Enquirer: 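Sending over a structure as structure tokens; questions will come in a sec.
In this text, all values refer to a predicted model and were calculated from it rather than measured experimentally. Atom set for the values below is all heavy atoms of this structure, side chains included, hydrogens, waters and symmetry mates excluded.
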Amino acid sequence: MDGVIFLEQGWDDDARRLFYNEPQGSPIVPLAWFLALEQPGSEALLSDDDYLASLGLIPESRHFKNPNGLPVGLTEDHNLLGDEPMLGMNCSACHVGRMTANGKTVQLDGAPANFDFWRFMEALDDALEATLDDPERFARFAARVGEDPAGLRARLRKVVRERQDWGVRNAAPHQPGPGRVDALTVILNQVTAGMTGRPDNARPATAPVSYPFVWGAPYLDFVQYNGAVPNIGAGALARNVGQVLGVFGQVSLVSSTLPPGYASSISLGNLGDLEHSLETLLPPKWDDLAAEGILPPIDEARAARGAEIFDKTCKGCHGLMDAAKRPALAGFKTTLIPVDEIGTDPATTVGFATRRAASGPLTGAKEGFAVGEPLCEVAYASEILIHVSLGVLAHEAASHARQIGNALLHGFTTKISGWLGFDSSGNTHQRRTVLGGFTKSADGGYRKAKQILQSIGSGKVQGTIDPTGCGEKELPANYRARPLNAVWATSPFLHNGSVPSLEALLTPPAERPATFHVGATEFDPVAVGYASGPGEGRVLYDTSLPGNSNKGHDKGTGLDPEAKMDLLEYLKTL
């Protein structure tokens with residue numbers, strides 16, 4: 001990391017190392033294997049810094065938290081059995097970015113990364129398969145690992161099959177590219193298809209979203225783009241457990257008695273530490289970069305005029321949060337906007353809200369694990385996710401009561417109860433599905449969701465609607481508008497990364513770039529976004545593809561050119 005500039009963002013080296021290297025219980029393959037594998041089509045090691053950097057991972061030096069010199073976000077982890085060190089992945093792989101400008105490179109903690117998760121997984125899978133198929137490559141691999149070749153080959157064959165199953169289960173019809181992944185679909189696929197042994201529950205990953213910036217996240221009442229899980233109390237842990245379930249977390253769905261719940265690979269204490277570290281993370285400041293000669297200074301007169309425009313045009317949805325005087329945890333009220341009102345690509349939120357799945361071996365289990373009605377044979381996929389997440393939390397309650405707190409130990413009778421649809425007695429409310437406030441029934445919501453998705457060319461909504469209404473819950477199809485602290489450092493914009501710059505976001509949707517390239521770190525201070533032209537390692541973004549629409553969010557698009565420049569200048573001050 002020689003020559004890389006780190007800004008004052010509230011972290012010292014210890015906090016940064018924790019965020020970069022703390023395992024969360026996301027085992028992918030044995031760590032010794034990852035260090036011994038060769039790149040597809042080459043004898044060079046897969047773990048080579050330059051090769052991993054070509055996939056968007058940020059190199060990091062060796063230190064006591066990172067003895068193997070893994071890049072930011074790859075960790076030494078453990079599996080469910082804890083029987084050998086594993087290659088893991090934590091949240092920093094997607095939430096640490098880099099910016100280059102004026103010949104200098106800045107590392108931005110908490111910013112969206114350029115990590116191309118899909119290409120990384122393809123490279124890993126290709127390396128594993130080539131090692132299994134090529135005797136000479138396998139011999140070199142076995143010598144590096146130092147295991148008996150016969151036993152190693154049998155284990156390798158099993159892991160290759162598991163990785164192939166993962167690839168089929170989470171098939172993406174088009175590459176998300178750097179900085180994006182269809183996280184919600186992958187999470188639901190892992191839980192409803194992988195863990196339950198029901199491959200028919202899997203759905204294509206057709207709704208990728210940009211990695212969000214995470215400074216200020218602990219203070220928001222909702223964190224996910226679709227506002228799916230409240231961030232208060234055990235909700236933050238449930239959100240993080242769900243994230244790990246989507247990133248290779250292992251869970252045994254055989255419920256134990258002492259302690260109750262589902263045993264898993266998830267490191268709940270480490271998740272609590274990672275979440276806690278974000279409480280002190282500050283957004284980067286444009287002025288700090290200007291002081292380093294990296295970005296031009298802000299035009300104060302323009303910014304002052306832009307502040308007035310922001311108050312009239314943007315503040316109604318994007319409230320202001322003082323980065324130095326933050327509210328209570330989960331205390332900042334974000335704005336949840338129905339998808340039909342905001343007009344942006346609906347695939348992410350509608351897909352989550354309408355998705356149904358066979359409960360399989362979980363049929364009859366209580367929705368809230370310890371409380372609530374039984375899961376029907378066909379349930380909302382989100383209900384199955386909630387059940388599994390709370391089962392994992394229940395199993396860890398005895399040793400991590402501080403993190404889980406009374407919200408779990410007393411039956412989720414407050415905020416979490418409301419989220420699950422329980423009243424204070426643990427009984428469920430029978431409620432209608434509401435998709436963005438535009439329908440009054442589950443069937444009507446399904447039809448409207450299908451119409452929206454068809455309008456952007458994605459075909460039909462996958463899944464079914466149970467005509468009995470069994471287990472109905474309120475599942476709104478919203479997008480969350482959050483405070484815009486340091487939004488200038490987080491392009492491309494909109495939840496799916498479909499607009500390359502703030503300048504483009506302020507143009508009418510029909511005039512926004514239909515295609516552009518992603519993956520660059522070179523920053524454009526005028527357009528306020530990263531370079532979007534072709535270049536080495538960059539991937540074409542096509543807004544005509546399903547899930548990639550750049551429509552909607554037309555606030556500010558009718559301003560005159562001078563007013564737009566004033567507003568852009570003000571946004572640089574946030």
Enquirer: Are any non-hydrogen side-chain atoms of V181 and Y211 less than 4.5 angstrom apart?
Expert: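 Answer yes - side chains close enough.
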
Enquirer: Run through H95, R180, M89 and flag the one making a side-chain contact (heavy atoms from CB on, under 4.5 Å) with F115.
Expert: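 Of all the options given, the one that passes is M89.
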
Enquirer: Over 60° means perpendicular and under 30° means parallel, so classify the ring planes of W33 and F141, tilted if in between.
Expert: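 Because their plane-to-plane angle is over 60°, the rings of F141 and W33 count as perpendicular.
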
Enquirer: Calculate, to the nearest 0.5 Å, the distance between atoms CG and CD belonging to D524 and E503 respectively.
Expert: 7.5 Å

Enquirer: To the closest 0.5 Å, what do you measure between CG (L289) and CG (L295)?
Expert: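 One finds 4.5 Å between CG of L289 and CG of L295.
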
Enquirer: Quick check, are the ring centers of H495 and Y479 under 6.0 angstrom apart?
Expert: yes

Enquirer: Run the numbers on E122 and Q175 for side chain to side chain donor-acceptor pair (under 3.5 Å), then give the verdict.
Expert: CA-CA 11 Å; E122 286 183 345; Q175 289 284 342; 2.8 Å; yes

Enquirer: Is a side-chain donor-acceptor pair under 3.5 Å present for S498 with T543?
Expert: no

Enquirer: Report the C-alpha distance between S491 and S501 in whole Å, list the side-chain angles of each, state the deciding distance to 0.1 Å, and finish with yes or no for side chain to side chain donor-acceptor pair (under 3.5 Å).
Expert: CA-CA 6 Å; S491 77; S501 67; over 6 Å; no

Enquirer: Among L271, L237, L393, which one satisfies side-chain contact (heavy atoms from CB on, under 4.5 Å) with I266?
Expert: L271

Enquirer: Between N79 and Q250, does any side-chain donor sit less than 3.5 Å from a side-chain acceptor?
Expert: no

Enquirer: I'd like to know if D288 and K285 make a salt bridge, using a cut-off of under 4.0 Å between side-chain N and carboxylate O.
Expert: no

Enquirer: Atom CD in E60, atom CG in L74: separation rounded to 0.5 Å?
Expert: 10.0 Å

Enquirer: Given the ring of F213, does R482 sit roughly above its face, with NZ or CZ under 6.0 Å from the centre of the six-membered ring and within 45° of the axis?
Expert: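 Output yes; distance and angle both within limits.
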
Enquirer: Under 4.5 Å between any side-chain heavy atoms of E38 and R137, yes or no?
Expert: yes

Enquirer: Any chance the side chains of E76 and N66 put a donor and an acceptor closer than 3.5 Å?
Expert: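 No, no side-chain donor-acceptor contact under 3.5 Å.
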
Enquirer: Where do E292 and N102 land on the side chain to side chain donor-acceptor pair (under 3.5 Å) test, with the steps shown first?
Expert: CA-CA 10 Å; E292 295 279 353; N102 202 19; over 6 Å; no

Enquirer: Taking all atoms of both residues into account, what is the closest heavy-atom pair of S549 and D345, and its distance?
Expert: N-OD2, 2.9 Å

Enquirer: Looking only at the aromatic ring of each residue, does the gap between the centers of W166 and F248 stay below 6.0 angstrom?
Expert: yes

Enquirer: Is the H387 to Y262 ring centre distance short of 6.0 Å?
Expert: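 So the answer is yes for these two rings.
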
Enquirer: For a 4.5 angstrom cut-off between non-hydrogen side-chain atoms, does S42 reach Y51?
Expert: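 The answer is no, as the side chains (C-beta and beyond) never meet within the 4.5 Å cut-off.
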
Enquirer: Using a strict 4.0 Å threshold on nitrogen-to-oxygen distance, state whether E129 and R157 make a salt bridge.
Expert: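 Salt bridge absent between E129 and R157.
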
Enquirer: Assess the side chains of R16 and Q9: does a donor N or O sit below 3.5 Å from an acceptor N or O?
Expert: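 Absent: no donor and acceptor within the cut-off.
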
